[in-house]
Every structure is written in structure tokens, then in C-alpha cells.
Amino acid sequence: MRLQARDIAVRYGRHDALRGVSLTAKPGEVLVVLGANGSGKSSLLRSLAGQQKHAGTIAWSGEGGAIGFMPQDSTARPALTVFETVLLGRMRSLTLRVGAADLAAAEAALAETGIAALAQRRLATLSGGQRQLAFLAQTLAAAPKALLLDEPTSALDIAHQLHVLALLREATRRRGLTTIAVLHDINAAARFADRIAVLAEGRLLAYGTPEAVLSRDLLRAAYGVEAAVMAGPDGRPVVIGLGVAAAS
Amino acid sequence: MSTAVAGWHAAGLRRAGVIALALAALAASFALDLATGPAMLPVSAVLRTVLGQGSDPMVGAIVWTLRLPIALMAVAVGAALGLSGAVMQTILANPLASSYTLGISAGAGFGAALVILFGAALPLNQDWAIPMAAFAFAGLACAMVAGVGRRRGASPEMLVLAGIACLFLFNALLSLLQFLASPEALQQIVFWLFGSLMRATPARVLVVLLVLAAVLPLLLRDAWRLTALQLGDDRAAALGIAVPALRLRAFAMVSVLTGAAVAFVGTIGFVGLVAPHIARMLVGEDQRHMLPASAAFGALLLSAASVASKSILPGTVFPIGIVTALIGVPFFFWLVLSRGAVR
């Protein structure tokens, strides 16, 4: 599905979390949203997922389908098994007697995320990386056409980060998903994003390919840091933070 | 079939087996409950009466009009308290919640005390006026909690806060009534608050069973949504669930269930807290199994407590509220301590 968002604005009381953000996203591409803490990333994602009251218009066009939304990891540690967790992704069609289609979809999502061996493990016994994979499988089990992910790799070690992001890009290409992910890691974004949107204080600061967007000036404006931006081995930018920028 | 799906089916069968075992144990406890009592009837006489071959009308009267309603009431109320405790723990995301946490039974106790104290002046049948007042005030307590809680999106924290405030309010009002009461009325109030199955009659048993039969299917219809709620509000909402509406709906159903149970037997503690924990340990958190299992273990606990209440001192029936608390408190400590060790 193609996303066209225009003039999205979100207010919490008297505080503007998001002001006039417009952007587009298309099938088969990963759009990463970057920005400092409190820049409005989560508000934007929740608005796109239909979980947040907002002004402006959000239009999804093209072949219809569900929008999968994966919120930030929470502290909830229920005694559910991984299989049950993934099955919950089929919420819209689940009945007391679980249908074969729902079981098959859960099974396929487990296989796709490579955690079929964990199916009967309790969620509370998993590592952070395994848990994120379980929730990714849950989101994929609904066979969504768009995928919205809020910090899917925060608190993961580098191997799990790379694994989750590669899996996401792979699923995006193969299923033709419109994927939008909020990330904190700028280098991970540079490696895995087709496009990057950078937010600062609720406004869209920059939008484009990683090469076009990531620059010293942008990083100073968005995060208030001095940074060196270099070309990595594959030509994509690599960012090294040098220090907090002096107030101007 | 893949190993994942096969494993899931196997887990489902195992859980159904656990529930079946609990029901078998419940049947045994129920039979024991019928066979024992302060009248010290020989088991053979009770058995003959149950099989329709009894010749002694006194034995028949004791078994059919005293013991059977009490034994059935233990099962019905235990199931109601177990089920409502399970739902409370789920919707409040709090393993220490039960139907008592939110002041529902404190409201019921106040309603009962109100009628005990002032009802004699009114042209009321006390047999029904006390339970009905208890039920009405349980409903009032629930409405207060829900009314305050929904202002903040019915978050668990807000509901618990409103519920604890409600608990203190009704306990204070109850203390006030006890302070004002005559010695005779005070004794009656205190005895009501003990919780006792002795007030069971066939009509009352039927009311509790009917409420249970109406509420359980409604809760089971929300079983998957309640299961998802345990992943946290954000994730449940992301799965397409209207979380505040679900929470308030389940809360209302549980309040009716608790109100009906407490109205007839008084406050019986710990069944609603402990039964869901046993169920969760044995069948997991899939609410399709967890809810029936909580009801089964609640019924088993209260039925066993009913037997115990008659066996401590032969010839005497202890108030069952005291027995459940005496069994429940050590279990509760064990639960809290072992949880601490696991984490």
C-alpha cells in the first residue's frame, strides 16, 4: 500500500508533539524515522497506525490490507507461549475453536522469523532479541500490507539488531510491504533504510535517501551533536558522534 | 502437521486434562461435603437417601434441605469467586487483585449491614432484603470505581486507585454502622461478614448458578481479547482491541458475578485470589483454558473448605470465611515468597 500523509499534527494538552508533517512511503521500501528523544517519532508512527488522534490526512492507497503495528517493547511478561503470542496476531479471525488458517498463518510467521524451535517456550523465558522476533512474527501473522515498527531493535545486541533489520528488509521486499520503522541507531538506519525521515521538535527536518539526508549539518540540527559522516565500505554513510555541539 | 502446531495441540489436550482432573476432584469433594455434617449421619444412611432408598425422613430432610444446598452453594460461589478473581487479575494486570481489591465486597458488606440495622423497621423479608441490598451496594461500588476509572481511559492503575479508595470508604461506613448498632445487630453484622454457607437455600443456589451460567459464556467470548490484554495495553490496541471498552465490560460482568456470590454467603476471602494462581500455574494464560480452570479450582477450594469447616471440631461448623482465610494466608505467603525466588 502506498502511504500519503499530509500535514499530520498531534497535540498533548498544550504541547505540540507533531506539527505539519507530510511524507510518503511506497511498497517494497523501508522508511526509517530518526530524531532525538521527544522529537515526535512515536506520535507519528501511532498516528499512521490509527492509534493516535491527529489532525491532517493519512491516505493508504493501492491493494488493501491490514496495517501491522508493533509498539515499543513493554514490561509485560505474561506466561504465554511463543506460539500463543504469535497466534494473537490473528486476533481479527480468532474464535474459541482456532481455525486451520490461523494456525497455518502463525506457523508460517514463526518459520519466517526463524523461531519455530521456540514455539512452546514461555515468553517470559526469552531473551530480548527472541522476544522481539516473537512480536515481529505476531505482527507478520496478520498478513499485513504495511508494517509500522516502534524501535524494533532498541535494547538488542548488534547481532540481534542486524538479524532483525535484515529480516525486516527481506520481508519488505518479498511481500511488497510498506515498512516504516522508528530507530535510534543512525548507522543501522543508514544501512537498512531505503529512505530516511528526520524529525526535530515535531517537524520534518529532512526526507530522502540516507546518502542525501545524513550530513554534519543535519545531525547538528536534529540531535545537537557534532559528528563526522563518512562513506562506508558499501558507499552508504557511516556516522561517528564526536561530541555535543556548543549552543549557538 | 508441524511440530509447532502439534505442540500447541498437545498443550491444549494437557490443559483439558488438568481441568477434567480438577472437576473429578470437585465431584469427590462434593460427595464428601454431602456425607459429612454436624448431624454425624452414617455415610451408609446418606448414600441410601441419595440413591432414593432412604426410609428415614429425618435423614432425607438433612441431606436434601440442609446439606445439598450448602454443598451446591460452595461449588457455585467458589466457581464465581475463582472466575471473577481470574478476570480481575487479567484486566488489572495485577496478580494480587481479586474481587475484594476494588471494594466490591466491602460495598456488599455495607449494604447487608444497612438492612440488618434498619431493615427490621421496614416491611421487608430479611431473607431476601439482605442479599439484595448487598448486591445493590456491590453494584454501586463497581459503578463508582468504573465511573472514576474511565475518566483516565480505564487504565489499571486508575481502577486500582479508585477501587482502594472505594474499599476504604465502604469499610469506614461499615465501621460507622457497627459503632451505631445494638449488640444484637452488631453480632448479626459480624456473623454476616464472616461469610457462611449456612444461609444457602435452593432458590439462592439457583440465582448464583444462573448468574454464573450467564456470565461465563460472555467472558469466554472475550477470551482471546483478554489473553491479548496481558501483553500490555499498547500491544492489545495494536491488535485492534478497544482496550478501555473491554476492560470496563469485563469489570461489569465480574462485578455482577461477585455481587451475586457475596450477597448470599457474605465475604469469603482468598478463593478469588488463590484459585486463578493455581489455574495459571497449571494451564497457562490462554484465557480459553484459564477462565474455566479458575472456576473449577475456585469451586474445588471452597468445597474442600466446606468439608474442612465441618471436620475441625466434630459437631461444629466453623464460618467458612475463617477457614478459607486460614488455608489461604499460608498459601498466599508461599506464593509471594516463591515468586520472589523465581524472579
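The sequence lines fix the lettering, A, B, ..., with proteins before strands; numbering per chain opens at 1.
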When rounded to the nearest 0.5 angstrom, what distance separates [atom1] in [X] from [atom2] in [Y]?
X: Glu107(A); Y: Thr3(B); atom1: CD; atom2: OG1; answer: 7.5 Å
X: Arg235(B); Y: Asp73(A); atom1: CZ; atom2: CG; answer: 5.5 Å
X: Arg92(A); Y: Trp224(B); atom1: CZ; atom2: CH2; answer: 15.5 Å

Pick whichever of Thr95(A), Ile67(A), Leu110(A), Thr85(A) has the most heavy-atom pairs under 4.5 Å with chain B.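 Highest number of heavy-atom pairs under 4.5 Å: Thr95(A).
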Max heavy-atom pair count under 4.5 Å with chain B, selected residue of Arg122(A), Gln138(A), Gln72(A):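 Most heavy-atom pairs under 4.5 Å with chain B: Gln138(A).
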Which bit of Ala237(B) comes within less than 4.5 Å of chain A, counting heavy atoms only: side chain, backbone, both or neither?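 Looking at Ala237(B), backbone and side chain both touch chain A.
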Structural part of Arg225(B) lying under 4.5 Å from a heavy atom of chain A: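 Looking at Arg225(B), backbone and side chain both touch chain A.
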Closest approach of Gln120(A) and Trp8(B), non-hydrogen atoms and distance?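 Looks like NE2-N, 3.2 Å.
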Counting only non-hydrogen atoms closer than 4.5 Å, does [X] touch chain B with its backbone (N, CA, C, O), its side chain (CB onward), both, or neither?
X: Thr139(A); result: neither
X: Ala49(A); result: neither
X: Arg90(A); result: neither
X: Leu87(A); result: side chain
X: Leu123(A); result: side chain
X: Leu103(A); result: both

Counting only heavy atoms not in [X] (residues, nucleotides, ligands), do more than 12 fall under 6.0 Å from its [atom1]?
X: Arg174(A); atom1: CZ; result: yes
X: Arg19(A); atom1: CZ; result: yes
X: Glu201(A); atom1: CD; result: no

Apply the test side chain to side chain contact (heavy atoms under 4.5 Å, CB included) to residues Ile241(B) and Met91(A): give CA-CA distance (whole Å), side-chain angles for both, the deciding distance (0.1 Å), then the verdict. CA-CA 8 Å; Ile241(B) 296 166; Met91(A) 184 56 71; 3.7 Å; yes
Chain A contacts, top residue of Leu231(B), Asp286(B), Asp234(B) (heavy-atom pairs, under 4.5 Å):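 Between Leu231(B), Asp286(B), Asp234(B), the count favours Leu231(B).
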